[in-house]
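Both backbone and side-chain heavy atoms feed into the values below; hydrogens, waters and symmetry mates do not. In the text below, chain A, chain B and the rest are named by the order of the sequence lines, each starting its count at 1.
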2 protein chains.
Amino acid sequence: MDTKSAILDSALDLFNAQGTAEVTTNHIARDAGISPGNLYYHFRNKAEIIRALFERLFNAWDVIFTLDEVRQPTLDDLERLVRANFETLWEYRFAYRELVALLRQDDQLKGRFLQVRERGFQGFSELFQHFMAAGVLPPTTGTSDVTDIAEMCWLISEFWLPYLEVSDREVDPVWLERGVRLMLRAIGV
Amino acid sequence: MDTKSAILDSALDLFNAQGTAEVTTNHIARDAGISPGNLYYHFRNKAEIIRALFERLFNAWDVIFTLDEVRQPTLDDLERLVRANFETLWEYRFAYRELVALLRQDDQLKGRFLQVRERGFQGFSELFQHFMAAGVLPPTTGTSDVTDIAEMCWLISEFWLPYLEVSDREVDPVWLERGVRLMLRAIGV
DNA sequence: GTCTATATCGCGATAGAC
DNA sequence: GTCTATCGCGATATAGAC
């Protein structure tokens with residue numbers, strides 16, 4: 001049993017349930033079944049725990065957004081991708097709930113996050129180029145339009161879950177599907 | 001000079017700059033130029049200050065969303081409304097940055113917020129009915145489609161600013177206009 | 001690697017004088 | 001209505017034994 005992982009598991013659960021500000025290192029240690037002192041053996045402070053959780057999220061993204069290069073992606077691929085992304089964002093829901101605050105508190109995290117996000121968005125935009133090339137999107141659509149659509153989709157991807165939470169709706173498969181549908185509508189299919 | 005207002009002004013500035021968790025009642029008192037004890041004469045605790053700031057936001061919304069009843073609204077009205085909403089949300093940007101967390105911490109605030117938001121969204125949806133009636137939107141569009149469009153626009157209204165911040169872009173008139181344009185595109189004009 | 005014990009700090013909140 | 005003084009608490013982080 002890896003103590004470091006146990007700490008991160010507990011931290012994730014508690015952050016998701018109560019928020020990073022409310023959860024103390026003592027809470028995390030107790031939930032993980034270790035002493036507060038031991039926690040500080042594995043992590044220098046709470047910020048480092050948060051950064052480690054973000055790295056987990058980045059890894060999950062890597063898996064999701066690494067597309068099969070051998071064939072042209074389809075709209076089904078896009079749907080699957082968005083669904084997988086929703087599920088991952090739900091697993092790490094504390095992150096986007098508090099994102100602006102977390103990034104301001106930690107320059108190191110901010111830099112890393114922007115870097116990862118930028119790469120992700122670029123891959124996402126390329127998807128749309130593929131769609132145009134494959135004729136899924138009308139090829140007459142101008143470049144700026146494609147950018148608009150990609151950005152619109154990205155906005156939905158990132159904020160549909162917070163939107164549901166703010167609306168006091170259950171984040172369940174039905175509402176997630178609605179997010180997917182809204183995105184497909186944005187694309188115009 | 002109204003001390004209560006001075007406290008709220010200081011709190012708003014500090015919350016926007018640093019986040020509600022980082023800002024203590026002592027900070028607010030110092031910024032407002034009063035003693036910590038005096039702050040507690042006017043407000044029972046920090047949560048009450050936050051609720052008061054949300055009430056200010058609600059009032060601002062009231063002004064924005066109270067439409068002239070005598071004439072049919074136009075797309076220009078919609079644009080103006082969205083711009084005004086962006087500006088207000090920027091003035092109270094701490095609110096949507098931390099919204100999910102703030103609502104979970106305070107049931108009273110949560111109930112009030114959902115009530116105000118629900119009313120706002122209903123008024124917003126009615127706008128779209130007007131548009132259909134006035135022929136700005138194609139009348140053939142189904143009811144569920146209109147709901148989709150309204151929800152899409154609402155999502156943009158609420159999260160375009162956080163989206164900009166997460167993107168590390170300046171929240172300036174140019175980027176705000178882009179939000180408006182994205183919304184008009186969602187409507188299909 | 002993990003524990004217990006503890007130092008240090010600062011926040012939220014109250015009491016009581018003016 | 002405003003101040004100063006202060007209590008009580010709990011959080012972060014470290015020291016040192018095992």
Side-chain angles (χ1 to χ4, degrees), chain A residues 1-56 94-95 97-98 101-110, chain B residues 1-56 94-95 97-98 101-110:
Chain A
M1 238 318 171
D2 185 357
T3 303
K4 204 155 179 165
S5 302
I7 293 172
L8 291 178
D9 290 343
S10 291
L12 178 58
D13 284 348
L14 293 171
F15 288 165
N16 280 340
Q18 300 170 239
T20 55
E22 285 67 30
V23 175
T24 70
T25 49
N26 282 10
H27 294 151
I28 298 171
R30 183 170 337 145
D31 190 273
I34 62 168
S35 68
N38 192 10
L39 183 146
Y40 279 90
Y41 172 79
H42 291 281
F43 295 95
R44 284 180 53 186
N45 50 38
K46 202 162 82 174
E48 198 172 291
I49 294 176
I50 293 172
R51 280 197 296 271
L53 285 175
F54 268 87
E55 287 303 326
R56 278 196 182 180
F94 82 93
R97 279 182 191 152
E98 310 179 28
L102 291 176
L103 297 187
R104 198 197 328 275
Q105 285 163 34
D106 187 338
D107 274 347
Q108 189 182 337
L109 177 64
K110 179 177 179 178
Chain B
M1 237 317 173
D2 184 357
T3 304
K4 205 156 179 163
S5 303
I7 293 172
L8 291 178
D9 290 343
S10 291
L12 179 59
D13 284 349
L14 293 172
F15 288 165
N16 280 340
Q18 300 171 237
T20 55
E22 284 66 30
V23 175
T24 70
T25 49
N26 282 11
H27 295 151
I28 299 171
R30 184 170 335 145
D31 189 273
I34 62 167
S35 68
N38 192 9
L39 182 146
Y40 279 90
Y41 173 81
H42 291 282
F43 295 95
R44 284 180 53 188
N45 50 38
K46 201 163 82 175
E48 199 172 289
I49 295 176
I50 292 172
R51 279 197 295 271
L53 284 176
F54 267 88
E55 287 302 325
R56 276 197 182 180
F94 83 95
R97 278 181 193 154
E98 309 180 27
L102 292 176
L103 297 188
R104 197 197 328 273
Q105 286 163 33
D106 187 337
D107 274 345
Q108 189 182 337
L109 177 63
K110 178 177 179 178

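- Per the geometry, CD belonging to Glu22(B) stands 15 Å off C1' belonging to dT12(D), to the nearest Å.
- Look at CZ on Arg44(B): it is 13 Å from C1' on dT14(C), rounded to the nearest Å.
- Following rounding to the nearest Å, Lys4(B) (NZ) and dG1(D) (P) show an atom-to-atom distance of 9 Å.
- Checking dC3(C), dG12(C), dA11(D) against the side-chain heavy atoms of Thr24(A) singles out dA11(D) as nearest.
- Between Tyr41(A) and dG1(C), a side-chain N or O to OP1/OP2 separation shorter than 4.0 Å is present.
- Checked against dC11(C), dT2(C), dC3(C), the side chain of Asn26(B) finds its nearest nucleotide in dC11(C).
- dA11(D) atom P lies 9 Å from atom CZ of Arg30(A), rounded to whole Å.
- Screening Gln105(A), Glu98(A), Arg97(A) for a side chain to side chain donor-acceptor pair (under 3.5 Å) involving Thr20(A) leaves a single residue, Glu98(A).
- Ring orientation note: the planes of Phe94(A) and Phe54(A) are nearly perpendicular, at an angle over 60° on the 30°/60° scale.
- With rounding to whole Å, His27(B) atom NE2 is found 9 Å from dC11(C) atom C1'.
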**Q.** Verdict with reasoning, Lys46(B) to Asp106(B), per salt bridge (Lys or Arg N to Asp or Glu O under 4.0 Å)
**A.** CA-CA 11 Å; Lys46(B) 201 163 82 175; Asp106(B) 187 337; over 6 Å; no
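- Distance from the side chain of Ser35(A) is smallest to dT4(C) among dT4(C), dT4(D), dT12(D).
- Protein atom CZ of Phe43(B) is 14 Å distant from nucleotide atom C1' of dG1(D), rounded to whole Å.
- Rounded to whole Å, atom C1' of dT2(C) lies 9 Å from atom CD1 of Ile34(A).
- The shortest distance between the side-chain N/O atoms of Tyr40(B) and the OP1/OP2 oxygens of dA13(C) is below 4.0 Å.
- Residues Arg104(A) and Asn16(B) come closest through the heavy atom pair NH2-O, 4.0 Å.
- Taking only side-chain atoms of Thr25(B), from C-beta outward, the nucleotide of dA11(D), dG12(C), dT2(D) with the closest atom is dG12(C).
- The shortest distance between side-chain heavy atoms of Ser5(B) and Arg56(B) falls below 4.5 Å.
- Distance Leu14(B) CG to dC11(C) P: 13 Å, rounded to the nearest Å.
- His42(A) has a side-chain polar atom (N or O) that falls below the 4.0 Å cut-off from OP1 or OP2 of dT2(C).
- In this model, the phosphate group of dC3(C) is approached by a side-chain N or O of Asn38(A) to a distance below 4.0 Å at OP1 or OP2.
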